Amino acid sequence: MLSVVIVGGLHADARRATVERLLADVPGSVVLHHDLATAAAGTVVRTIRDAGGILSAGETPLVNDCACCALREDLVPELRRLDAAGRFRLAVVELWDSVEPKAMAEVVAAGGLTVTGVITAVDPALVLPYLGNGDDLADRGLAAAATDQRTVADTFARQLEYAPVLAVLDSPEADEEDRELLAQLHPTAHQIPIATGRPTTTDHPTRPTDPTVPDHPVRPTNPTVPDHSTRPADASVPDHSTRLADSTDPDHSTRLADSTDRDHSARLTNPSHTDQSARPTDPSRTDRPARPTDSAHTDHPARPTDASGTLHPVRPSPRSALARAALAGFDVESAAAAQHPACARLPAEADAHGVSTLVWHRCRPFHPERLYEALEDITCAAARSRGRFWLADKPDVLLHWDAAGGALCVESVGPWLASLPDAAWDLVPPVRRAAAALDWHPEHGDCCQHLVFTSPGLDRDGLERLLESCLLTDAEYAAGRDAWKRLPPAFDTLLEI
């Protein structure tokens, strides 16, 4: 059976180096790529190639005037065709720049194919510039749809945090702070170094046109991504939390500022937030050892068969760490649960090489007005923050916090488990119940504040004081839930209530 690995990321040079390495390291591999940049002409260009060169190139028409819909419609049939050919062991799905791996992994799995890996390719020197860039993808020519309201920062954050494997480009511009920031943002990821330049063991055909990032000998103080603004934004948006602004937006997410912003997100931009180029470095940090790979998941003892039951020869198992990661196995449902606000695997406390992660956990609700007034300062205090939070006037509602690039998204993601009747608990996934148990309070159950902030130069003490000032006072807390619900509903507009 054909294995499928998804390789994505906004850092195009790192992504392509990763794909080339997989072609060189895995015999019988093939790359499938859909270029959404051609949507202006009414089509999406599909290219299939192996280590020897282009095997086929074609176009698929837009679906409902949507390039990303065309990708979804075309991807699974093409993978099935490659599987039926019986010539290939691994299909590498190289995603276009801003396409998010979560959506495509779920599409492939739903199509009956086997996703064995999801990899996000990263240039560590570009992590902070991209994470601090609040530009809309459309302004950079990277939108996946005419209605795509995502920003560079939030798209990059989701690409980074979803993948269990990070292919990390060996960038000469990266310093210890860059690498530490990457490690703290996704501490559970298996990081695999990728050398710059092309592998020497394979021929390299001319690659299809794709957006690239510019050379970066010096990291900019006002971080930007490549400007492909001549490309129109066509296609549908991959699955993700939309940021709020339009009262008709069904997902209740919000961005917080510009009332004319169609996606209801409020961008809380602080010019000093993105300019973090002058950062201390600590040359004493050594590279962390590679995490061990479970060899039980890298070999394929069962000989593959086709639909007729014909046995195919077993090819040798790949020896490179990247190839093993591509074939190790991937659980789409577990990956989705790990990103869900109620049970997300959030980073732990850390402080090294000028980068800090603050985990802020409290069992007292926020005062809605005081929190609302402090949103901009809290959002811009860190390069990345996320988690779940609790408002006093909505004590039964679990709220999601997701901020990057000076923009904040908040949304309701349903009730806290403590608010559900006992009979409903049987309908809750075990992973959700386990996560709730970790936060359980004898009086409030799983209702809590659990927010994580990661950034170079993080003012931990100042941020903690600001957050504490937004909680209910002792007198407000003692008044009880009925009194809490009568507090001014400052978040109702943002949550479209």
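Note that the structure is a prediction, hence the values are computed from the model and not measured. Computed over heavy atoms, backbone and side chain alike; hydrogens, waters and symmetry mates excluded.
When all heavy atoms are compared, the tightest approach of Pro488 to Pro368 is O-CG, 3.2 Å. Of all the heavy atoms in Leu71 and Met104, the pair that sits closest is CD2-SD, 3.1 Å. Nearest heavy-atom pair, Gln191 versus Ala183, reported as atom, atom and distance to 0.1 Å: NE2-CA, 3.8 Å. Here the closest non-hydrogen pair linking Asp178 and Pro124 is CB-O, 3.3 Å. Looking at every heavy atom in both residues, Ala383 comes nearest to Leu128 through CB-CD1, 4.0 Å. Of all non-hydrogen atoms in Pro164 and Phe330, the two that sit nearest each other are CD-CE1, 3.7 Å.
The side-chain heavy atoms of Val168 and Pro193, taken from C-beta on, include no pair separated by under 4.5 Å. The closest side-chain heavy-atom distance from Phe453 to Leu463 is below 4.5 Å. In this structure, the side chains of Thr155 and Glu100 come closer than 4.5 Å at one or more pairs of heavy atoms. At a threshold of 4.5 Å between non-hydrogen side-chain atoms, the residues Leu495 and Leu399 count as touching. Within the 4.5 Å cutoff, side-chain heavy atoms of Trp401 are placed close to those of Ile378. Using a 4.5 Å heavy-atom threshold, the side chains of Thr116 and Leu327 count as touching. Contact of the His340 side chain with the Val431 side chain is not registered, since no non-hydrogen atoms from C-beta on lie closer than 4.5 Å. Put simply, the side chain of Ser455 does not reach to within 4.5 Å of the side chain of Val355, judged on heavy atoms.
To the nearest 0.5 angstrom, Trp440 atom CH2 is 10.5 Å from Cys448 atom SG. To the nearest 0.5 angstrom, Leu371 atom CG is 8.5 Å from Leu467 atom CG. The line from NE2 of His361 to CG of Leu438 is 8.5 Å long, rounded to the nearest 0.5 Å. Atom-to-atom distance recorded for Asp135:CG and Thr151:OG1 is 8.5 Å, nearest 0.5 angstrom. The CH2 atom of Trp390 lies 9.5 Å from the CG atom of Asp446; values are rounded to the nearest 0.5 Å. Considering CG of Leu494 and SG of Cys409, their distance stands at 11.0 Å, rounded to 0.5 Å.
Applying the side chain to side chain donor-acceptor pair (under 3.5 Å) test to residues at least two apart or on different chains, the pairs with a partner in residues 415-436 are Asp396-Ser419. For residues 342-365, the set of pairs meeting the salt bridge (charged side-chain N to carboxylate O under 4.0 Å, His left out) definition, not counting sequence neighbours, comprises Glu349-Arg460, Arg362-Glu464, Arg362-Glu468, Arg364-Asp474. Within the structure, ring pair (Phe, Tyr, Trp, His ring centres under 6.0 Å) contacts touching residues 455-477 (residues at least two apart or in different chains) are His444-Tyr477, Tyr477-Trp484.
For the 3.5 Å distance criterion, the side chains of Glu376 and Thr379 fail to qualify, holding no donor opposite an acceptor. Using modelled atom types, one finds a donor on one side chain and an acceptor on the other under 3.5 Å when comparing Thr357 with Gln184. Using a 3.5 Å distance cut-off with no hydrogens or angles, the side chains of Glu177 and His353 do not pair a donor with an acceptor.
Between the side chain of His367 and the backbone N or O of Leu472 there is no donor-acceptor pair closer than 3.5 Å. Side chain of Arg15 to backbone of Leu95: a donor-acceptor contact under 3.5 angstrom is found. The backbone N or O of Ala403 sits nowhere less than 3.5 Å from a side-chain atom of Arg386 that would complete a donor-acceptor pair. With hydrogens and angles ignored, the 3.5 Å screen pairs a side-chain donor or acceptor of His33 with a backbone N or O of Glu94. Between the side chain of Ser98 and the backbone N or O of Leu142, at least one donor-acceptor pair lies under 3.5 Å. Under a 3.5 Å cut-off, the side chain of Gln159 and the backbone N or O of Leu10 do form a donor-acceptor pair. A donor-acceptor pair under 3.5 Å is absent between the side-chain atoms of Glu369 and the main chain of Ala490, judged by distance alone. Here the side chain of His186 pairs a donor or acceptor atom with the backbone of Ala163 at under 3.5 angstrom. Asp136 places no side-chain N or O within donor-acceptor distance of the main-chain N or O of Ala138, the cut-off being under 3.5 Å.
When each of Leu75, Val5, Val7 is paired with Val93, the side chain to side chain contact (heavy atoms under 4.5 Å, CB included) condition holds for Leu75 and for no other.
Separation of the Trp360 and Phe366 ring centroids falls under the 6.0 Å cut-off. Residues His450 and Phe389 place their aromatic rings such that the two centres sit no closer than 6.0 Å.
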inquiry  = Let's go through Val108 and Leu79 carefully: what are the C-alpha distance in whole Å and the side-chain angles of both, what is the deciding distance for side-chain contact (heavy atoms from CB on, under 4.5 Å) to 0.1 Å, and is it a yes or a no?
reply    = CA-CA 9 Å; Val108 172; Leu79 289 172; 4.0 Å; yes

ask   = Can His400 and Val410 be said to form a side-chain contact (heavy atoms from CB on, under 4.5 Å), step by step?
value = CA-CA 5 Å; His400 181 208; Val410 299; over 6 Å; no

task = Could you walk me through whether Asp175 and Arg179 pass the salt bridge (charged side-chain N to carboxylate O under 4.0 Å, His left out) test, one step at a time?
result = CA-CA 7 Å; Asp175 59 24; Arg179 296 184 181 92; over 6 Å; no

task = Start with the C-alpha distance between Arg150 and Arg158, add both sets of side-chain angles, then the distance that settles side-chain contact (heavy atoms from CB on, under 4.5 Å), and finish with yes or no.
result = CA-CA 11 Å; Arg150 295 173 298 156; Arg158 280 189 296 271; 3.5 Å; yes

message = Using the rule given for side-chain contact (heavy atoms from CB on, under 4.5 Å), can you reason through Ile119 versus Leu166, listing the C-alpha separation, both sets of side-chain angles and the distance that settles it, and then say yes or no?
response = CA-CA 6 Å; Ile119 300 170; Leu166 301 179; over 6 Å; no

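Salt bridge Asp402/Arg384: present, at least one basic N to carboxylate O contact under 4.0 Å. Salt bridge absent: Asp393 and Arg486 never bring a charged side-chain N and a carboxylate O closer than 4.0 Å.
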